[in-house]
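To start, the structure under review is shown below, and the notes come after it.
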Amino acid sequence: MTEILLILLASIVLAFPLGLYLARVMRGGPMRGDALFGLVEKPLYRLLGVNPARGMSWRGYVGAFLLSNVVIAVLVQAVFMTQAWLPFNPDQIPNMRWDTALHTMVSFLTNTNQQHYSGQAQLSYFSQMTAITGLQVVTPMMGLALVVATLRALFGARPEDVPADQAALLSADRRVDVGNYYADVVRSSVRFMLPLCLLWAVLLTSQGVPATFAGGPQATPIDAAAGVDTQKIPLGPVAAMVAAKQLGTNGGGWYGPNSAMPLENPTPLSNALELIGILLIPIAVIFMLGAFTGRKRLAGLVFGCMLAMSSVSIAATVWLEGHSATAASPLLMEGKEVRFGADGTGLWAAITTQVSNGSVNGMHDSLSPLAGAVPMVNMLVNAIWGGIGCGLQQFIVYLLLGVFLAGLMTGRTPELFGRKLETPQVRLLALLVLLQPITILGFTALTLAIPSITGTSNPGFHGISQVFYEYTSAFANNGSGFEGLGDATVWWNLSCTLVLLLGRYPVLVIPLIVAAQLAAKRRAPESAGTLQIETPTFALTLIALIVILTVLQFMPALVLGPVADHLSLTLH
């Protein structure tokens, strides 16, 4: 318990100044270090051919976001398909199969890092360093850029810098300036993400995480009865990737077992550093919200709701995994992180799914049934801290829905910060609400209906959990999995690729569109009849709404999976 409290406290204490710094970075004003960072930023702007001072409408911002993703997708796919002929491949790793390459590219492009491959055996050093680690740095900053653009629209958008004669021909929402996409991504990557990754990589290297370009050494196994004379130990520049995977809410491991592998997570200190790294930036984004918008009470509302849900999630997972009646069986230690115990595995499982991280230090497939249900619920909520940018963006969706429903219940016109929520905005929000169950439940039902493509290792209730978890993880851009699932097939690669796309782009883009539409409306002055959202009462209403929209609408799937799995074990 002391370890859990210290990790949470350290994450919050470190995140506060980091959030204040991040707010200054995203404002784009003059800062100390401009001359140094400019040496990197200015050539990048010239290469991209953009003026970082020129604002964009939401259409221009989203267009730039999508274009950058398409260009990166083509380059990364090419790397995976040709890695056997590229440099930095001392272990002679062959090219990736096309469907595995496609799934891997989309998985890392969407900041999910769902892995249907084993990194040390199927990716070269070059692929790991450029395609994988490169995306682990850039894609979180893309999510951050989208949420910052949304905040600009909600709290301080200015008219876009266009000639007056052209402005008269544009609709009101197109004249709203939400910032410059390229400047937001470049500044946050160069001034924030890369320095932090460098620091964390050095700390992890000091704990024994490999950082080398040399090929792995040959070792003689202790157990000669296994019939293996020698074993190659895969190494590489692992520390840099582990730093990026944890800080960027990425989660994809250099090695197949992820942070359950001692080379990725060798000591108790490295374990604590990685757990803090998972939480650090998502919490910092909440503190950035207060400093960036000037609405500290709003940031307090968001932080309080997220901390309350996080505390319940951690307590439930740790108790169910390490202290409940079902946890008493010694068989449940299979797949656990024996160095840190069941509590350590439970803590990591809760935190990695509260955040869109997905890294593991034990196998989630080995969690007790009800403990395995908690990560599912965390991912269905997808806003208990959440991913960098994505978590706050999802919370804004819940906030807008909460304002709409609270307005209906109290007989007031639904307004957020003086701007009315009307039919066009509610329709877009309803689309997001319906997209999640249609996608996850639809693909789960289809996959379970065709046994030849399912690939479960357990034909019973646990098999339902394996399939449901995989699609939930893909839609939540989390990436963790119940690893008893045989997911390295064409069906799983292609179906998960589609779910990854549906779980990433609508959730980032639609709230920005709604915010731009609200920004184009006339602001009404606040009065005694205005709905006050920065209050404990509204916070409880918001949490209740989140529970209804996630837990209750997926209750049948949870009952058929982990709950039935738990009952079948206790009855026998």
Side-chain angles (χ1 to χ4, degrees), residues 3-26 111 113 133 136-141 143-144 147-148 188-207 209 239-252 259 264-265 268-292 299 302-303 306-307 309-311 313-314 347-361 378 383-392 395 477-479:
E3 175 192 1
I4 296 172
L5 294 175
L6 287 176
I7 287 173
L8 289 174
L9 181 62
S11 301
I12 294 170
V13 169
L14 292 173
F16 181 72
L18 204 60
L20 301 182
Y21 172 74
L22 185 57
R24 294 185 60 195
V25 170
M26 301 313 292
N111 192 213
N113 293 205
T133 308
Q136 288 180 329
V137 172
V138 175
T139 56
M141 298 302 99
L144 177 64
V147 78
V148 167
S188 58
S189 298
V190 173
R191 297 171 183 247
F192 180 76
M193 187 65 179
L194 285 173
L196 201 57
C197 285
L198 177 61
L199 172 62
W200 237 253
V202 171
L203 292 173
L204 291 172
T205 303
S206 72
Q207 295 303 299
V209 180
M241 180 187 179
V242 175
K245 86 168 185 179
Q246 305 298 29
L247 290 166
T249 65
N250 295 289
S259 289
E264 279 200 26
N265 187 15
L269 181 56
S270 72
N271 192 69
L273 285 170
E274 293 188 34
L275 281 169
I276 293 170
I278 292 172
L279 289 168
L280 186 60
I281 300 181
I283 298 178
V285 170
I286 308 306
F287 292 123
M288 180 208 74
L289 168 65
F292 187 80
V302 178
F303 179 78
M306 290 186 174
L307 182 61
M309 291 187 291
S310 174
S311 301
S313 168
I314 291 173
L347 173 63
W348 193 300
I351 287 177
T352 197
T353 50
Q354 291 173 13
V355 177
S356 297
N357 182 274
S359 66
V360 298
N361 75 345
N378 292 343
I384 310 176
W385 311 125
I388 298 176
C390 303
L392 182 55
F395 195 90
N477 293 153
N478 184 270

Here the gap from Leu22 atom CG to Met193 atom CE, rounded to the nearest 0.5 Å, amounts to 11.0 Å

4.5 Å side-chain heavy-atom contact, Leu307 and Ser311 | yes

Here the pair of heavy atoms bringing Ile283 nearest to Ala15 is CG2-CB, 3.6 Å

query: Counting distance only, does the side-chain N/O of Asn250 pair as donor-acceptor with the main-chain N or O of Ala244 below 3.5 Å?
result: yes

The reported gap from CG in Asn378 to OG in Ser310 (rounded to nearest 0.5 angstrom) is 8.0 Å

Q | Trp200 side chain to Leu273 backbone, donor-acceptor under 3.5 Å | A | yes

message: Can you confirm whether Pro282 sits close enough to Thr249 that some side-chain heavy atom of one is under 4.5 Å from a side-chain heavy atom of the other?
response: yes

Taken to the nearest 0.5 Å, the spacing of Asn113 CG from Asn477 CG works out to 10.0 Å

For Leu196 and Leu247, the nearest pair of non-hydrogen atoms, with its separation, is O-CD1, 3.5 Å

Quiz item: Side chains of Asn478 and Ser356: is there a donor and an acceptor less than 3.5 Å apart?
Solution: no

Margin query: Quick check against the 3.5 Å criterion: does Thr205 have a side-chain atom that pairs as donor or acceptor with the backbone of Ala201?
Written below: yes

- Message: As a quick check of understanding, evaluate side chain to side chain contact (heavy atoms under 4.5 Å, CB included) for Leu144 and Met141, giving each step before the final call.
- Response: CA-CA 5 Å; Leu144 177 64; Met141 298 302 99; 4.1 Å; yes

Closest heavy-atom pair, Ile276 versus Ala10, reported as atoms and distance to 0.1 Å, is CD1-CB, 3.9 Å

d(Ile278 CD1, Ser259 OG) to nearest 0.5 Å is 7.0 Å

Separation between CE (Met288) and CE (Met26), nearest 0.5 Å, reads 7.0 Å

- [ ] Look at atom CZ of Phe16 and say whether more than 12 heavy atoms of other residues, nucleotides or ligands are closer to it than 6.0 Å.
- [x] no

Met306 and Ile384 have their tightest heavy-atom pair at O-CG2, 3.8 Å

Between Ile314 and Leu8, is the side chain to side chain contact (heavy atoms under 4.5 Å, CB included) condition met? List the steps. CA-CA 11 Å; Ile314 291 173; Leu8 289 174; 4.0 Å; yes

- prompt: Okay, side chain of Asn357, backbone of Lys245: is any donor-acceptor separation there less than 3.5 Å?
  reply: yes

Checklist entry - Is there side-chain contact between Val285 and Trp385, with heavy atoms separated by less than 4.5 Å? => result no

query = Checking Thr353 side chain against Ala350 main chain: does a donor-acceptor pair fall under 3.5 Å?
reply = yes

Q) Quick one: does Trp348's side chain have a donor or acceptor within less than 3.5 Å of a partner on Ser359's backbone? A) yes

In short, Ala243 meets Leu204 closest at the heavy-atom pair N-CD1, 3.9 Å

Are Asn361 and Asn265 close enough that a side-chain donor and a side-chain acceptor fall under 3.5 Å? no

One should read off an interatomic distance between Leu347 CG and Ile7 CD1, to the nearest 0.5 angstrom, of 5.5 Å

Does Ser313 use its side chain to pair, donor to acceptor, with the backbone of Met309 at less than 3.5 Å?
no

- request: Report the C-alpha separation of Ile281 and Phe192 in whole Å, then their side-chain angles, then the decisive distance to 0.1 Å, and conclude whether the side chain to side chain contact (heavy atoms under 4.5 Å, CB included) test is met.
  value: CA-CA 10 Å; Ile281 300 181; Phe192 180 76; 3.7 Å; yes

On a heavy-atom basis, the closest approach of Glu264 and Val209 is O-CG2, 3.7 Å

Verify side chain to side chain contact (heavy atoms under 4.5 Å, CB included) between Leu280 and Gln246, making sure each step is shown before the conclusion. CA-CA 9 Å; Leu280 186 60; Gln246 305 298 29; over 6 Å; no

